[in-house]
Amino acid sequence: MSKKISLIIPCYNEEEAIPIFYEEMKKVMEKMPHQEFELIFIDDGSKDNTLKIIRDYSKEDKRVRYISFSKNYGKEAGMFAGLNAVTGDYAAILDVDLQDPPEKIIEMYEILEKEDYDCVALYTDSHKDYNLIRRSLTNTWYKLIDKISDSKQMPGARDFRLMKRKMVDAILSLKEYNRYTKGIYGYIGFKTKWISYQAPKRSAGTSKFNLRKLIKYAVEGVASSSTTPLIMSAYVGMFFCLVSFLAIIFIILKTIIWGDPATGWPSMACIIIFVGGIQLFFLGIIGLYLSKIYLEVKQRPVYIIKETEKEQ
Ligand code: UDP
Ligand code: MG
């Protein structure tokens, strides 16, 4: 029986990359003649011609669908919107810049058909497009998240994976507003086969993740998949109690033995500033989680749709 494969492609200002991607994807679809395809492009509030290009494709090619957001909601929102829209037996999310090579779909599909897995995912330990600092910071970050969160995460994992419908339903059953898909994958479980690959350079255009977006994504990753930072303050607090207790004993003994000349104010000032800084730091962490709770209780939609192919 022929299976339907749905592909979700988040796009933000990708007018240069989309035609290259579409041509590549056509070749892949020709190599898989027995499977039905559905390409769902997500226009994440692009300011360039992205929407026009995908609208034109959808008019010519019935396999092409699209969802256009009213503004830029971020890749996470794009992936969620795509998963909400898929109608296939299998679904994959892939970047439009060919850093998630479309031809891998063939191999991934065969694995899912033949072997007993629910999902095939890609990870990379060499990313030609990212400089050494970004690569090593990213790796350290994923290792840290893996340690402190209850969901397993693969260092170097991409968002690119082909999964069965039941996994898509599981992802959609998590209704949270603060979405961190890599953490969600880890949380929902299922049997995943990991394939290593070399991520190529971007096909065209530039990265849509600037430093600000990357930091936001990194903080989001920790805050939405772990509560360890909240507990950390208790440990640091206990440590400082112990240190101050020992210091008090030391000062009492010192006063009894040598008297109490009023020296040591500079060091005292440093200690007060240091401890004050730590308190503010942890207050900030509590604030971070509080803000997440605030956003959750508001129950706003993750994205707002301006247009889809159905309106054409
Ligand atoms: N993207 C998006 N919304 C955003 C930022 C990025 O939909 O706000 C898309 C982008 O068009 C691309 C994918 O997410 O298809 C990955 O982005 P990019 O290649 O710029 O990130 P990088 O590979 O540098 O991490
Ligand atoms: Mg990229």
Side-chain angles (χ1 to χ4, degrees), residues 6-25 39-54 57 64-85 91-102 104-105 121-139 141-142 153-161 178-182 197-221 302-308:
S6 302
L7 303 175
I8 300 159
I9 311 116
C11 305
Y12 178 50
N13 295 340
E14 299 281 11
E15 59 183 5
E16 293 159 69
I18 293 170
I20 307 172
F21 174 85
Y22 182 64
E23 289 310 315
E24 270 303 305
M25 206 49 236
L39 308 186
I40 308 176
F41 287 93
I42 315 291
D43 164 37
D44 187 9
S46 302
K47 294 179 185 72
D48 64 0
N49 278 323
T50 296
L51 176 58
K52 189 185 170 311
I53 297 171
I54 53 182
Y57 280 137
V64 176
R65 297 175 55 197
Y66 69 89
I67 295 170
S68 177
F69 287 170
S70 59
K71 73 171 185 74
N72 180 237
Y73 285 96
K75 188 183 171 188
E76 283 294 330
M79 295 192 287
F80 185 47
L83 289 170
N84 264 320
I93 300 166
L94 60 171
D95 290 359
V96 73
D97 57 8
L98 300 187
Q99 288 190 309
D100 296 333
K104 286 273 173 202
I105 300 273
L122 290 193
Y123 74 97
T124 173
D125 33 42
S126 72
H127 213 304
K128 286 192 186 133
D129 226 14
Y130 306 154
N131 61 33
L132 192 68
I133 301 175
R134 179 168 169 187
R135 270 200 313 248
S136 50
L137 278 180
T138 309
N139 269 340
W141 198 253
Y142 282 129
Q153 287 182 41
M154 183 81 161
R158 310 270 308 164
D159 287 317
F160 186 23
R161 49 175 73 208
N178 297 287
R179 300 194 76 83
Y180 176 65
T181 303
K182 287 194 180 106
Y197 88 117
Q198 289 245 332
K201 277 186 183 296
R202 204 173 216 287
S203 62
T206 50
S207 173
K208 304 298 175 286
F209 277 88
N210 52 25
L211 187 65
R212 189 180 59 81
K213 269 194 175 171
L214 277 176
I215 293 174
K216 190 167 166 262
Y217 184 68
V219 173
E220 189 74 38
V302 178
Y303 54 85
I304 291 171
I305 297 176
K306 187 176 71 181
E307 182 185 322
T308 67

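Being a predicted model, the structure only gives us computed values, none of them experimental. Ligands are counted one by one from 1 in listed order, and the atoms in each one are counted from 1 as well.
Taking backbone and side chain together, Ser207 holds no N, O or S atom under 2.8 Å from the Mg ion (ligand 2).
Listed by number with element, the atoms of ligand 1 under 4.0 angstrom from any heavy atom of Lys213 are 4 (C), 5 (C), 8 (O). Atoms of ligand 1 lying under 4.0 Å from at least one heavy atom of Asp44, given by number and element, are 2 (C), 3 (N), 4 (C), 7 (O), 8 (O). Residue-ligand proximity, Gly74 to ligand 1, at heavy-atom distances under 4.0 Å covers atoms 3 (N), 8 (O). Here is the list of ligand 1 atoms found below 4.0 Å of a heavy atom in Asp97: 19 (O), 23 (O). Taking every heavy atom of Glu14 and a limit of under 4.0 angstrom, the matching atoms of ligand 1 come to 10 (C), 11 (O), 12 (C), 15 (O). Using a 4.0 Å cut-off to heavy atoms of Lys208, the atoms of ligand 1 that qualify are 5 (C), 6 (C), 18 (P), 20 (O).
Residues Asp95 and Arg158 are paired through a salt bridge, judged by an N-O separation under 4.0 Å between the basic side chain and the carboxylate. By the 4.0 Å N-to-carboxylate-O rule, Glu14 lies close enough to Arg202 to be salt-bridged with it.
Under a 3.5 Å cut-off, the side chain of Arg179 and the backbone N or O of Val302 do not form any donor-acceptor pair. Of the possible polar contacts, none joining the Asp44 side chain to the Gly78 backbone as a donor-acceptor pair under 3.5 Å is found. With hydrogens and angles ignored, the 3.5 Å screen pairs no side-chain donor or acceptor of Lys47 with any backbone N or O of Gly45.
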Working note: Met25 + Phe21, criterion side chain to side chain contact (heavy atoms under 4.5 Å, CB included); need CA distance, chi angles, decisive distance, verdict.
CA-CA 6 Å; Met25 206 49 236; Phe21 174 85; 4.1 Å; yes
Might you work through the side chain to side chain contact (heavy atoms under 4.5 Å, CB included) test for Tyr66 and Leu39, ending with a clear yes or no?
CA-CA 8 Å; Tyr66 69 89; Leu39 308 186; over 6 Å; no
side-chain hydrogen bond (donor to acceptor under 3.5 Å, both in side chains) for Tyr303 and Asn84? Distances and angles first, verdict last.
CA-CA 11 Å; Tyr303 54 85; Asn84 264 320; 3.1 Å; yes
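Here Ile9 has no heavy atoms under 4.0 Å from ligand 1, in either its backbone or its side chain. When non-hydrogen atoms are compared, ligand 1 lies under 4.0 Å from the backbone of Lys75 as well as from its side chain.
Polar contact check, Arg202 against ligand 1: a nitrogen or oxygen pair lies under 3.5 Å apart. For ligand 1, the polar-atom distance check finds an N/O of Pro10 within less than 3.5 Å of one of the ligand's N/O atoms. For ligand 1, the polar-atom distance check finds no N/O of Thr206 at less than 3.5 Å from any of the ligand's N/O atoms. Considering backbone and side-chain N/O of Asp95, none are found under 3.5 Å from N/O of ligand 1.
Between Cys11 and ligand 1 there is a heavy-atom distance shorter than 4.0 Å.
The N, O or S atom of Asp97 lying closest to the Mg ion (ligand 2) is OD2.
Lys104 has its side chain within reach of Tyr197: a pair of non-hydrogen atoms, C-beta onward, lies under 4.5 Å apart.
Remark: Lys71 qualifies as a cation-pi partner of Tyr73 under the 6.0 Å distance and 45° angle criteria applied to the six-membered ring.
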